Protein chains: 2
Amino acid sequence: MRKLAFTPEVLELIAERFKALSEPARLQILQCLRSGERTVTELVDETGFGQANVSKHLQHLFNLGFVRRRKEGLFTYYSLAGKSVLQLCDTMCGRLEAEMKVRNRMLAG
Amino acid sequence: MRKLAFTPEVLELIAERFKALSEPARLQILQCLRSGERTVTELVDETGFGQANVSKHLQHLFNLGFVRRRKEGLFTYYSLAGKSVLQLCDTMCGRLEAEMKVRNRMLAG
DNA sequence: TTTATACATCACTATACAGTAATATAGTAG
DNA sequence: CTACTATATTACTGTATAGTGATGTATAAA
């Protein structure tokens, strides 16, 4: 199995996926899904965002393969498509902590 | 050492950092830096982007702690601030490969 | 059938930002 | 000093998209 080369075309696809994670609303939705699948209405209630807004964000995340969905009667249950999304968030959060540590050290020193 | 909680405020900071990686031009610049530090002009030549454009992208990456810089005479040498950026790109690339594999399977099946 | 619920989609507005040309700043050379 | 080079910054334009209200669609219940 060959690794993809970082050609400009591949970088564009990668950028598109990072962009999906560059919205606080979508990140918040993903964090809600950390503990299991949710209906759209549940996500609306938990996040406080509008229904149309949440629905659009979910479509976006679904199209890029970040979440799965399952229809059951009137409801659509969304869930995480894998753990790598959370891993990305955690890695970025680690960067953030490191950044803050540096900042604090500069204030102290 | 405590882990940061994913509050809306923290998610906003994380989103801001993902957004920095959501631009093909910035990703391409980061990939150029994979093999070592570069001056702005070198990056302009390697990427083909305009000088002002590259300079702005580098400021952006610097402000968020993704790259370091070192001034020497007329030149400013930029380099990666750590390996986690590349790790993020690689993880996202892995996701992309998996996505493509699923797509191919659907076409075949 | 009608009514209600859950979700998706459309049309619109406002905002953010990538790219660019021009200019500013700062260091070097003559 | 002047002239040149490397980088940063400013002002502007075009484009993408988040959010919203209204509407559409599908399922369930009465």
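Keep in mind that what you see is a predicted model, and the values were worked out from it rather than measured. In the text below, chain A, chain B and the rest are named by the order of the sequence lines, each starting its count at 1.
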Report summary line: When rounded to whole Å, the CG to P distance for the pair B/Leu74 and C/dA24 reads 19 Å
Query raised in the report: Looking only at heavy atoms, which two atoms of B/Val85 and B/Phe66 are closest? And how far apart?
Result: CG2-CD2, 3.5 Å
Report task. Scan for side-chain hydrogen bond (donor to acceptor under 3.5 Å, both in side chains) pairs involving residues 79-88 of chain B, sequence neighbours excluded, and state none if there are none. Result -> A/Arg95-B/Ser84
**Report entry** Taking every non-hydrogen atom, the tightest pair across B/Ile14 and A/Cys93
**Finding:** CD1-CB, 3.9 Å
Query - Joint hydrophobic cluster, B/Tyr77 plus B/Val44, side-chain heavy atoms closer than 4.5 Å - result: no
Query raised in the report: Is the shortest side-chain N/O distance from A/Tyr78 to OP1 or OP2 of C/dA8 below 4.0 Å?
Result: yes
Requested in this report: Heavy atoms under 4.0 Å is the rule here; annotate nucleotides 9-20 of chain C 5' to 3' with B where the base is hit, S where only the sugar-phosphate is, and - elsewhere.
Outcome: B-------SSBB
Query - First-last contacting nucleotides on DNA chain D - partner chain B, under 4.0 angstrom, heavy atom - result: D/dT5 to D/dT9
**Report entry** Within one Ile-Leu-Val-Met-Phe-Trp-Tyr cluster: A/Leu88 and A/Leu86, side-chain cutoff 4.5 Å
**Finding:** yes
Report summary line: Ordered by number, residues from residues 10-18 of chain B within less than 4.0 Å of DNA chain D (heavy atoms) are none
Query raised in the report: Do you know the tightest heavy-atom contact between A/Phe49 and A/Val54?
Result: CB-CG2, 3.7 Å
Query raised in the report: Are more than 12 heavy atoms from other residues, nucleotides or ligands located less than 6.0 Å from atom CZ of A/Arg68?
Result: no
Report summary line: Closest heavy-atom pair, B/Pro24 versus B/Ser22, reported as atoms and distance to 0.1 Å, is CD-O, 4.0 Å
Requested in this report: Using the rule that two of Ile, Leu, Val, Met, Phe, Trp, Tyr join whenever any of their side-chain heavy atoms come within less than 4.5 Å, decide whether B/Leu43 and B/Leu74 are in one cluster.
Outcome: no
Requested in this report: State whether the side chain of A/Ser55 and the backbone N or O of A/Gln51 hold a donor-acceptor pair below 3.5 Å, judged by distance alone.
Outcome: no
Query raised in the report: Can you hop from A/Leu30 to A/Phe62 via hydrophobic side chains spaced under 4.5 Å?
Result: yes
Report task. Using a cut-off of strictly less than 4.0 Å between a heavy atom of the residue and any atom of DNA chain C, enumerate the qualifying residues of residues 62-70 of chain A by number. Result -> A/Arg69
Query raised in the report: According to the salt bridge (Lys or Arg N to Asp or Glu O under 4.0 Å) rule, which pairs have a member within residues 37-52 of chain A, sequence neighbours left out?
Result: A/Glu37-A/Arg70, A/Arg38-A/Glu46
Report summary line: In short, B/Lys19 meets B/Arg26 closest at the heavy-atom pair O-NH2, 3.3 Å
